Participant: 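Below you'll find the structure I mean.
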Amino acid sequence: MTRFVLGRIGFYTLVAVLLAFFSIPLLWLVTAPFTSDPTYEVKVPDFTLDNFRAVLEHPYALPSLWNSVVLSVGSAVLVVVMAALAAYALSRVRLPGRDALLYALLLLSSIITGTAAMVPLFQLAVELNLIDSQLGLILILTGGLLPAAIFMLKDFMDSTPKSYEESARVFGASPLQIVRHVVVPLVRPGLATIAVWAVANVWGNFLMPYLLLSDVEKQPAAVITYTLYTEGGQANLSMLSTFGLLYSIPVVLMYLFVSKKYGFRFHGGIKR
Amino acid sequence: MAAIELRGLTKVYPGGVKALDALDLAIPDGEFFALLGPSGCGKTTLLRTIAGLETASGGSVVIGERDVTALQPGARDVAMVFQDYALFPHMDVTDNIAYPLRIKKVAKAARHEKAAEVGARLGLDHLMDRRPGQLSGGQQQRVALARVMATQAQAYLFDEPLSNLDARLRLEARTFLKKLQRELGVTTVFVTHDQAEALAMADRMAVMESGHIRQIGTPAEVFQRPANTFVASFIGSTPMNLLDGVARGDTLEVAGCKVAVPVSAEGRVPDGTAIVYGVRPEYMTYSAEPADGAFGGKVAIVENLGASHLVTLDVGDVIVQAVVPEGSEPLVGDDGYALPRRDRALVYRDGELV
């Protein structure tokens with residue numbers, strides 16, 4: 001009995017420590033922006049808005065958030081459209097060596113945006129005149145996300161019964177009509193998942209934009225965060241915390257929105 | 001509306017499985033035609049080949065004098081109801097029914113009007129705003145039928161249209177489908193593995209086995225005179241008695257009993273030929289008294305069929321079954337005699353009807 005109680009106490013203590021470990025940084029993120037002179041401590045804020053004013057006055061802070069939106073939404077749209085078409089084809093057409101191809105793609109994907117490919121990618125971008133261009137960055141980020149996206153979406157496509165499409169086919173629908181009218185609505189939760197995943201990935205990506213965008217006006221928030229120092233070379237905690245809060249809010253909102261809208265699946269229509 | 005004709009239709013799957021073997025079949029305009037057979041006999045493949053969802057390896061499909069063998073499913077002017085109905089779960093009933101018209105680029109108002117009209121005809125008027133997930137099995141089936149009707153296709157193809165309904169609903173749907181087909185007068189081919197369903201609904205039917213058609217005929221023909229022992233054993237809710245025997249002059253020696261040669265085989269079985277004697281349990285007269293030309297044995301099992309009983313007799317080392325009307329059923333262990341009707345019994349030689 002005592003053993004059991006001690007075990008429970010130990011377990012809950014461990015949970016509490018873990019919880020604190022993860023919640024204190026978050027707590028700091030919510031309190032520090034409203035504190036006049038934030039340190040690394042979590043303090044009760046004095047609810048000043050000066051830090052926000054400072055961020056607003058920073059010449060690159062707000063534009064960089066917009067750049068983040070452009071980059072992540074642009075990549076997400078490309079990823080979803082291209083992955084949907086590719087996954088549908090791979091799911092429905094029998095190709096010799098299809099599964100091997102998929103696994104190879106997945107393996108390569110971690111290399112494309114990985115550190116090993118930095119130099120060749122940089123050179124490629126220079127050759128194609130895509131250096132310091134948001135379009136070029138979107139294309140490279142898309143390339144990096146596509147294989148995993150195709151892999152995940154193919155699973156979704158595989159699990160939708162074929163008779164929906166065959167039914168549409170007998171009524172005379174063309175392959176593209178079938179994709180638009182039947183397949184896309186059926187796998188919409190999957191597409192939403194991929195879109196959120198792509199946005200979150202690009203939103204948080206630091207290395208690629210840092211390397212490929214040298215013009216500070218084109219840089220996304222992740223890169224700008226890196227420049228928030230005081231004249232003395234110290235991390236500017238008031239700016240960092242405030243900007244960090246603004247930087248994380250859109251992603252949290254997006255998660256909430258998408259999970260509310262697509263957090264359900266359609267049922268019925270196919271009798272099992 | 002159009003007739004359907006298959007000429008030497010063959011389907012070989014990659015890997016060499018021959019699903020259809022040079023089938024010839026003519027279905028006249030307006031007929032309700034059943035494809036019946038055990039699972040794996042190729043009936044669904046045949047239906048899908050007519051629809052164009054499978055490409056024929058050889059032969060041709062002609063619908064209304066138009067050779068459609070090389071055409072895409074959408075260009076064949078047929079409509080299909082799938083076994084799982086395949087209603088689009090993200091569209092309401094109206095949009096589901098109107099979908100074929102959307103593909104044909106009919107304006108939204110016109111196609112919704114058509115959907116409402118067809119839906120009303122099938123008693124779906126109060127369900128038009130629902131999603132398929134909110135409908136019962138029977139309602140889903142009617143939506144699938146309405147969607148097919150909205151196409152105004154030349155021919156309808158139904159793949160196991162009743163198999164997803166409960167037993168009770170299935171009987172109602174059977175009557176409903178037959179009535180609907182009669183009213184619409186559209187050539188309809190349906191696939192089923194249930195012989196009772198085929199007998200009840202079809203104008204004519206084809207019984208299939210491993211890629212071949214074993215018999216084509218009206219339900220009455222197929223039931224009364226199965227062309228071979230396969231069809232004989234497949235058709236009928238109580239299986240036909242198929243007993244090995246030998247012709248002995250004017251009589252047949254079957255299971256150790258002497259029975260008269262059936263009317264249909266009179267003078268056509270030479271002395272000494274090995275035959276299979278077939279008679280349905282329904283065409284046997286059971287009696288507790290011995291009779292000439294009857295199978296005599298001990299009652300082994302009595303099964304209740306509702307208004308009648310199925311009596312199984314041990315005759316020598318084979319079993320003979322007879323249907324006995326209610327009230328006169330014997331007890332297990334009694335001696336019993338089953339006298340086949342001469343005008344209904346059949347003789348098979350080498351598996352084929354004599």
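In what follows, chains are A, B, ... by sequence order, proteins preceding strands, each numbered from 1. Since we're looking at a predicted model, the values are computed, not measured.
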Participant: Write down the atom of A:Ser163, the atom of B:Phe82, and the distance for their closest heavy-atom approach.
Facilitator: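 The answer is CB-CD2, 4.0 Å.
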Participant: Using a cut-off of 6.0 Å, state whether more than 12 heavy atoms not belonging to B:Lys178 lie near its atom NZ.
Facilitator: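 Correct, the count exceeds 12.
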Participant: For B:Val78 and A:Val170, work out which heavy atoms get closest and say how close.
Facilitator: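 Minimum heavy-atom contact is O-CG1, 3.6 Å.
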Participant: Take a 6.0 Å sphere around NZ of B:Lys104 and say whether it holds more than 12 heavy atoms from other residues, nucleotides or ligands.
Facilitator: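 Check passes, neighbour count above 12.
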Participant: Could you check B:Arg147, B:Arg102, B:Met80 and say which one makes a side-chain contact (heavy atoms from CB on, under 4.5 Å) with A:Phe171?
Facilitator: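 Going through B:Arg147, B:Arg102, B:Met80 one by one, the side-chain contact (heavy atoms from CB on, under 4.5 Å) with A:Phe171 is satisfied by B:Arg147 alone.
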Participant: With a sphere of 6.0 Å drawn around CE of A:Met82, does it hold more than 12 non-hydrogen atoms of other residues, nucleotides or ligands?
Facilitator: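 Not buried by this count: 12 neighbours or fewer within 6.0 Å.
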Participant: Does the B:His90 side chain pair with the main chain of A:His181, one donor and one acceptor, at a distance under 3.5 Å?
Facilitator: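 The answer is yes, because a donor-acceptor pair under 3.5 Å joins these two groups.
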Participant: Could you tell me whether A:Phe206 atom CZ has more than 12 heavy atoms of other residues or ligands within 6.0 Å of it?
Facilitator: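 More than 12 within 6.0 Å, yes.
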Participant: Roughly how far, to the nearest 0.5 Å, is CD of A:Gln177 from CD1 of B:Ile103?
Facilitator: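 Interatomic distance, B:Ile103 CD1 to A:Gln177 CD, rounded to 0.5 Å: 4.0 Å.
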Participant: Near B:Glu183 CD, under 6.0 Å, is it more than 12 heavy atoms from other residues, nucleotides or ligands?
Facilitator: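 More than 12 within 6.0 Å, yes.
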Participant: After noting the C-alpha distance and the side-chain angles of A:Val182 and B:Tyr99, does the key distance pass the side-chain contact (heavy atoms from CB on, under 4.5 Å) rule?
Facilitator: CA-CA 11 Å; A:Val182 182; B:Tyr99 186 72; 4.2 Å; yes
Participant: Should the heavy atoms of other residues, nucleotides or ligands under 6.0 Å from OH of A:Tyr103 be counted, would the total exceed 12?
Facilitator: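 For A:Tyr103, atom OH is not crowded (no more than 12 foreign heavy atoms under 6.0 Å).
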Participant: What distance do A:Lys162 atom NZ and B:Asp84 atom CG have between them, rounded to the nearest 0.5 Å?
Facilitator: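 The NZ atom of A:Lys162 sits 13.0 Å away from the CG atom of B:Asp84.
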Participant: Looking only at heavy atoms, which two atoms of B:Pro89 and A:Leu186 are closest? And how far apart?
Facilitator: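 Looks like CG-CD2, 3.2 Å.
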